[in-house]
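Have a look at the structure below, then the notes.
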There are 2 protein chains.
Amino acid sequence: MTRGKKYQPGKIRERNIEQILNAAEQEFVLHGFKGASTQAIAERAGLPKANLHYYFKNKLTLYNAVLENIIDLWNSGLQDITAADDPAEVIEKFIRFKARLSFTHPRASKIFATEIIQGAPQLKEHLRTDQREWVKTRTQVIHTWIEAGKMRPIDPANLIFLIWGATQHYADFDCQVLTVINKAEYDEEYIEHVSQQLCEIIMLGCGLTPSHLK
Amino acid sequence: MTRGKKYQPGKIRERNIEQILNAAEQEFVLHGFKGASTQAIAERAGLPKANLHYYFKNKLTLYNAVLENIIDLWNSGLQDITAADDPAEVIEKFIRFKARLSFTHPRASKIFATEIIQGAPQLKEHLRTDQREWVKTRTQVIHTWIEAGKMRPIDPANLIFLIWGATQHYADFDCQVLTVINKAEYDEEYIEHVSQQLCEIIMLGCGLTPSHLK
DNA sequence: GTCTATAAGACGATAGAC
DNA sequence: GTCTATCGTCTTATAGAC
């Protein structure tokens with residue numbers, strides 16, 4: 001047992017861990033798990049490499065901590081939906097939530113993307129359990145909406161993949177998008193513009209009307 | 001000058017280069033540029049590491065050769081379009097072409113995705129010149145279609161990004177998609193199903209009618 | 001809890017025999 | 001054109017002084 005000196009015990013620890021996780025995110029985006037070096041992560045966090053190994057026993061543990069943060073972020077704003085909900089309202093909310101997340105947390109999206117591209121070595125189990133379950137409940141609700149004639153008959157899973165793919169593209173391929181539209185960075189106006197465009201095309205394609213066209 | 005023995009000179013060379021490029025693609029998908037090792041690439045190609053350095057002077061040269069193959073593949077089926085073309089026909093063809101490419105060449109899509117995610121260190125120039133130009137000419141044509149009342153007024157660039165994002169998702173995130181839909185691999189039926197669904201939702205969202213609904 | 005110093009091995013690349 | 005052996009560097013991880 002160590003008696004804590006009056007330095008707000010744990011504060012330094014908390015700050016160091018946050019700096020390491022933040023630095024690790026940046027390096028993992030730039031070079032992937034295998035390509036990122038703990039040396040570079042430590043330097044970016046402003047710590048000697050040995051301190052990093054004090055907080056995280058090895059590179060894989062650190063990587064998994066980064067992934068866990070990303071999953072938490074992804075789950076943070078996902079509300080449950082029921083057959084009684086209004087499809088237009090729910091789907092518009094979902095598109096806008098995913099779009100906003102892509103623009104505000106591109107690094108999280110990129111690390112997740114790289115992990116899946118490489119065959120999800122760390123997230124296989126998450127995909128097989130949590131994520132599959134999440135999609136299953138949504139597709140069931142969408143199916144009842146279709147049977148009730150509330151929207152066009154589409155494959156619900158394809159709709160979810162379409163929304164995922166379309167929104168994540170702006171995060172993962174930000175470099176390409178910004179170069180093509182000749183901008184230095186995204187601004188609030190563009191975020192709203194993209195969200196509205198995606199709602200329009202996707203929802204009209206499903207036989208729904210987005211709120212701004214009512 | 002070396003006089004070629006009657007072993008079909010260049011045949012062995014061609015075969016080795018192809019095997020190296022193929023092995024490199026696989027390793028670059030799994031670990032990215034920095035994470036992939038020339039050792040592993042050589043082993044996968046069934047050659048000693050030194051031979052790899054005989055054909056490609058270093059890892060970056062090999063990586064750029066892989067990227068060039070991917071760009072060529074991408075450009076292989078892209079026809080020019082004019083204002084006189086039928087929007088529905090052109091856009092359906094484009095969605096189906098991109099979708100098919102994603103399903104038949106997922107590794108190419110994944111390497112391209114990883115390169116862009118990491119900030120396009122090797123493809124910055126390609127994005128700034130060729131790709132920007134390509135998008136520019138398409139957006140201009142789509143714009144004239146809109147002004148002629150042939151389709152709903154949407155942002156042409158967003159439409160292109162939507163098609164890119166939606167189709168590439170099935171290649172880059174194949175691991176996720178297959179897990180969620182509980183399949184071992186894509187089959188021809190699923191490819192046609194996805195292509196049709198994407199055409200339906202996106203084209204109806206643009207005020208166009210896909211051929212199978214006419 | 002922090003940091004220097006270093007172990008043990010993998011890395012890209014090359015020299016040089018065949 | 002092929003392959004073994006090896007150089008010098010960078011890698012993860014740890015030992016041990018403070």
Side-chain angles (χ1 to χ4, degrees), chain A residues 1-67 118 121-122, chain B residues 1-67 118 121-122:
Chain A
M1 287 284 191
T2 58
R3 234 171 315 142
K5 294 187 186 159
K6 284 282 168 69
Y7 284 154
Q8 289 180 307
K11 269 277 143 102
I12 294 176
R13 182 181 187 84
E14 225 170 284
R15 208 184 55 119
N16 280 344
I17 287 183
E18 202 187 302
Q19 279 181 346
I20 292 170
L21 286 171
N22 192 49
E25 265 198 23
Q26 298 181 50
E27 289 297 321
F28 285 136
V29 165
L30 287 175
H31 305 295
F33 169 68
K34 217 186 160 198
S37 82
T38 55
Q39 174 72 45
I41 294 171
E43 274 170 23
R44 200 184 275 272
L47 294 168
K49 188 172 48 168
N51 293 32
L52 189 149
H53 282 90
Y54 171 73
Y55 290 110
F56 299 91
K57 82 163 192 259
N58 56 31
K59 193 161 84 158
L60 187 58
T61 305
L62 173 55
Y63 180 64
N64 278 319
V66 169
L67 284 181
Q118 300 185 353
Q122 301 304 313
Chain B
M1 284 287 193
T2 57
R3 234 171 317 142
K5 295 187 186 161
K6 284 281 170 70
Y7 285 151
Q8 290 179 308
K11 268 278 143 104
I12 294 176
R13 183 183 186 83
E14 227 171 280
R15 210 184 54 119
N16 279 343
I17 287 182
E18 203 188 301
Q19 279 181 346
I20 292 170
L21 286 170
N22 192 50
E25 264 197 24
Q26 299 182 48
E27 288 297 320
F28 285 137
V29 165
L30 287 174
H31 305 296
F33 169 69
K34 218 187 159 199
S37 82
T38 54
Q39 174 72 46
I41 294 171
E43 274 170 22
R44 200 183 275 271
L47 295 167
K49 187 170 51 165
N51 293 31
L52 188 147
H53 283 89
Y54 170 73
Y55 290 109
F56 298 91
K57 82 164 193 259
N58 55 33
K59 191 162 81 159
L60 188 57
T61 305
L62 173 55
Y63 180 62
N64 278 321
V66 170
L67 285 181
Q118 299 185 354
Q122 301 303 315

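Every chain is numbered from 1, with letters handed out A, B, ... down the list of sequences.
Between the P atom of D:dA15 and the CG atom of A:Asn51 lies a distance of 16 Å, rounded to the nearest Å. In this entry the distance linking NZ of A:Lys11 with P of C:dG1 reads 15 Å, nearest Å. In this entry the distance linking CG of B:Leu52 with C1' of D:dG1 reads 14 Å, nearest Å. The NE2-P distance, from A:His31 to D:dC10, rounds to 14 Å in whole Å. For the pair B:Leu62 CG and C:dC11 C1', the computed distance is 15 Å after rounding to whole Å. Summarising the geometry, the separation between CZ on B:Phe56 and P on D:dT2 is reported as 13 Å, rounded to the nearest angstrom. One can place CD1 of B:Ile41 at 11 Å from P of C:dC11, the figure rounded to the nearest angstrom. In this structure, B:Gln19 places its CD atom 14 Å from C1' of D:dT2, rounding to the nearest Å.
Here the closest heavy-atom approach between residue A:Ala23 and residue A:Ile41 is recorded as CB-O, 3.5 Å. Scanning all heavy atoms of the two residues, the minimum distance from B:Lys59 to B:Thr38 falls at CD-CG2, 3.9 Å.
Which of C:dC3, D:dT4, D:dG1 sits closest to the side chain of B:Tyr55 comes down to D:dG1. Listed candidates were C:dT2, D:dT4, D:dG1. Nearest to the side chain of A:Ile12 is C:dT2.
Two residues are said to be in side-chain contact when any heavy atoms from C-beta on lie closer than 4.5 Å; A:Arg13 and A:Tyr54 meet this criterion. When side chains are defined from C-beta on, A:Leu60 counts as touching A:Phe33, because their heavy atoms get closer than 4.5 Å.
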Under a 4.0 Å heavy-atom criterion, the protein footprint on nucleotides 12-18 of chain C, written with B, S and -, is BBB----

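A side-chain hydrogen bond (donor to acceptor under 3.5 Å, both in side chains) with B:Arg44 is found for one member of B:Glu25, B:Gln26, B:Gln39 and no other, namely B:Gln26.
When only modelled atom types and interatomic distance are considered, A:Thr61 and A:Asn64 share no side-chain donor-acceptor pair under 3.5 Å.
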